[in-house]
Amino acid sequence: MQIPCENHTAELRLKEPVSLYHTFFCGQCFRWRPDGDGFFGVAWGRAARVWSVDGVLHVTGSGADSGDLWRRYFDLDRAYADIYTPWLNDPFMSRAVAHGEGLRILAQQPWESLCSFLLSQCCNIPRIRAMVDCLCRRFGEPISFQGLMEYAFPTPERLAGIKEEELVCIRAGYRAKYILAAARAVASGSLDLDRLQSEETEKAREELMRVEGVGRKVADCALLYGLGKLDAFPVDTWMKKARAYHPAYEGEYAGIAQQYIFYYARETGLR
DNA sequence: TGCCAGGCCGAAA
DNA sequence: TTTCGGCATGGC
């Protein structure tokens with residue numbers, strides 16, 4: 001089935017500066033690419049082109065939408081400056097925030113975030129992007145948009161019905177069985193991602209970690225990027241290397257702090 | 001060619 | 001509770 005080719009546009013006024021580049025390339029998502037003066041990608045089953053001019057975020061996308069989807073996706077109703085200002089008294093956090101100025105924590109589809117970060121295990125970001133792209137092309141619904149054929153992220157129901165051998169094409173190695181275990185858990189209803197959005201972070205993390213291949217790191221990535229739990233704090237090798245302690249590392253918006261730290265630490269080769 | 005990558009799992013210490 | 005090897009593969 002091909003998703004109907006109905007397009008929409010949205011103009012979203014920004015209350016503070018937003019960097020699409022930092023947002024898309026800080027390591028939280030894998031489906032956006034530079035495209036002229038803007039970016040092209042797929043989110044929530046829509047292919048879209050986004051760009052920013054004079055404090056307005058412009059979106060043209062496939063499918064119907066009033067703009068609310070993108071307002072939520074880019075978390076535009078939250079004042080990030082109010083959140084990070086108290087962190088700036090710490091020199092390391094100050095540099096990290098300056099490095100990633102304008103990044104937003106994207107509200108991604110819960111299943112997509114869980115599945116993507118299951119694939120992320122022990123891979124660098126270019127490889128994760130390649131695997132996710134391959135997975136979508138092979139198993140996602142096609143989306144015709146602006147003369148291009150894009151693909152939605154495959155549903156858990158779709159992936160639950162395939163055999164592990166069919167995933168060989170994405171070269172996921174030992175991660176393939178994790179993808180299938182998670183897809184089957186979601187498709188069967190034993191893992192209800194929608195319900196977890198209204199659970200406490202700790203309870204939701206506990207349920208996610210019952211799935212094979214979901215450890216603390218993958219669970220926290222799914223919590224932060226897919227379930228809107230901004231207090232989730234994925235700790236990986238880069239975070240361990242940072243080692244420093246700061247109040248921003250915990251609390252209601254720890255996940256936002258984590259994103260600045262991760263992006264800064266990775267790009268500056270912190271060791 | 002070798003090291004490392006947004007880790008997890010299970011066994012051993 | 002912590003440590004460590006194995007896992008599967010590709011980017012650099």
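The analysis underlying the following values was restricted to heavy atoms, covering all of them including side chains, and did not include hydrogens, waters or symmetry mates. These numbers were taken from a predicted model, which means no experiment stands behind them.
- Atom CD1 in A:I170 sits about 11 Å away from atom P in C:dG10, given to the nearest Å.
- You'll find the ring centres of A:Y263 and A:H22 inside the 6.0 Å limit.
- The 5' end of DNA chain B is approached more closely, in terms of each residue's nearest nucleotide, by A:C26 than by the other of A:C26 and A:G213.
- For the pair A:R104 and A:Y80, the cation-pi test (distance below 6.0 Å, angle within 45°) is passed.
- Taking every heavy atom of both residues into account, A:V186 and A:P156 meet most closely at CG1-CG, 3.6 Å.
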Nucleotide-level pairing of DNA chain B, given in dot-bracket where Watson-Crick and G-U pairs need both distances under 3.5 Å and | marks other strands: .||||.|||||||

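- The CZ atom of A:R266 sits 13 Å away from the C1' atom of C:dG11 (whole-angstrom rounding).
- Contact of the A:Q28 side chain with the A:I105 side chain is registered, since non-hydrogen atoms from C-beta on lie closer than 4.5 Å.
- Take the nearest nucleotide of DNA chain B for A:D236 and for A:V214: the residue whose nucleotide is more 5' is A:D236.
- Proximity note for A:Y174 (side chain, C-beta onward) versus B:dG6, C:dC7, B:dC9: the nearest is C:dC7.
- If you check residues 109-120 of chain A against DNA chain B, the residues with a heavy atom closer than 4.0 Å are A:F117, A:S120, listed by number.
- Look at A:R71 and A:D68 and you find no salt bridge, because none of the NZ, NE, NH1 or NH2 atoms lies under 4.0 Å from a carboxylate O.
- Taking 3.5 Å as the limit, the base of B:dG6 and the side chain of A:Y225 contain a donor-acceptor pair of atoms between them.
- One side chain, A:D231 or A:T201, offers a donor N or O that lies under 3.5 Å from an acceptor on the other.
- Using bins of under 30°, 30° to 60° and over 60° for the plane-to-plane angle, the ring pair A:W51/A:H58 lands in the parallel bin.
- Taking every heavy atom of residues 124-138 of chain A and every atom of DNA chain B, pairs under 4.0 Å involve A:N124, A:I125, by number.
- Phosphate proximity of B:dG7 to A:R175: absent, as no side-chain N or O sits under 4.0 Å from OP1 or OP2.
- Annotation: B:dG6 and C:dC4 have their P atoms spaced 23 Å apart (nearest Å).
- A salt bridge does not link A:R129 to A:D133: none of the charged side-chain nitrogens sits closer than 4.0 Å to a carboxylate oxygen.
- Here the options are A:R195, A:Q197, A:K203, the test is side-chain hydrogen bond (donor to acceptor under 3.5 Å, both in side chains), and the partner is A:E199; only A:R195 passes.
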Compile the donor-acceptor pairs under 3.5 Å between side chains in residues 158-183 of chain A and protein atoms, sequence neighbours left out, one pair per line.
unit_1	atom_1	unit_2	atom_2	d
A:E166	OE2	A:K163	N	2.9
A:R175	NE	A:Q121	O	2.7
A:R175	NH1	A:A172	O	2.8
A:R175	NH2	A:Q121	O	2.9
A:K177	NZ	A:Y174	O	3.4

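- No side-chain heavy atom of A:L224 sits less than 4.5 Å from a side-chain heavy atom of A:K229.
- Summarising the geometry, the separation between CZ on A:R171 and P on C:dT9 is reported as 5 Å, rounded to the nearest angstrom.
- No hydrogens or angles considered: nothing links the side chains of A:Q259 and A:Y253 as a donor-acceptor pair under 3.5 Å.
- One can place CZ of A:R31 at 20 Å from P of B:dG6, the figure rounded to the nearest angstrom.
- No side-chain heavy atom of A:R210 sits under 4.5 Å from any side-chain heavy atom of A:L191.
- Atom CZ in A:F30 sits about 7 Å away from atom C1' in B:dG6, given to the nearest Å.
- Annotation: cation-pi pair A:R72/A:W70 absent, no NZ/CZ under 6.0 Å from the ring centroid and within 45° of its normal.
- The closest donor-acceptor contact from the side chain of A:R49 to the backbone of A:D35 lies under 3.5 Å.
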Report the C-alpha distance between A:F24 and A:F30 in whole Å, list the side-chain angles of each, state the deciding distance to 0.1 Å, and finish with yes or no for ring pair (Phe, Tyr, Trp, His ring centres under 6.0 Å). CA-CA 8 Å; A:F24 292 142; A:F30 308 102; over 10 Å; no

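- For the pair A:R46 and A:E150, the salt-bridge criterion is not met [side-chain N within less than 4.0 Å of a carboxylate O].
- Applying a 4.0 Å cut-off to non-hydrogen atoms, none of the residues of residues 202-210 of chain A approaches DNA chain B.
- Separation of the P atoms belonging to B:dG7 and C:dC12 is 16 Å when rounded to the nearest angstrom.
- Between the CD atom of A:Q108 and the P atom of B:dG6 there is a distance of 16 Å, given to the nearest Å.
- In this structure, A:G27 reaches the bases: a heavy-atom distance under 4.0 Å links it to at least one base atom across the strands shown.
- A:R216 comes within contact range of the sugar-phosphate backbone alone, with a heavy-atom separation under 4.0 Å but no base atom that close.
- Across all strands, A:C221 comes closer than 4.0 Å to no nucleic acid atom at all (heavy-atom distances).
- As rounded to whole Å, 11 Å separates atom C1' of C:dA8 from atom OH of A:Y178.
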Decide side-chain contact (heavy atoms from CB on, under 4.5 Å) for A:V42 and A:C136; before the verdict, give the C-alpha distance in whole Å, the side-chain angles of both, and the deciding distance to 0.1 Å. CA-CA 10 Å; A:V42 181; A:C136 294; over 6 Å; no

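- Within residues 251-264 of chain A, the residues that place at least one heavy atom under 4.0 Å from DNA chain B are, in residue-number order, A:Q258, A:Q259, A:F262.
- With rounding to whole Å, A:F25 atom CZ is found 15 Å from B:dG6 atom P.
- If you check every strand for non-hydrogen atoms under 4.0 Å, A:V218 touches sugar and phosphate atoms only.
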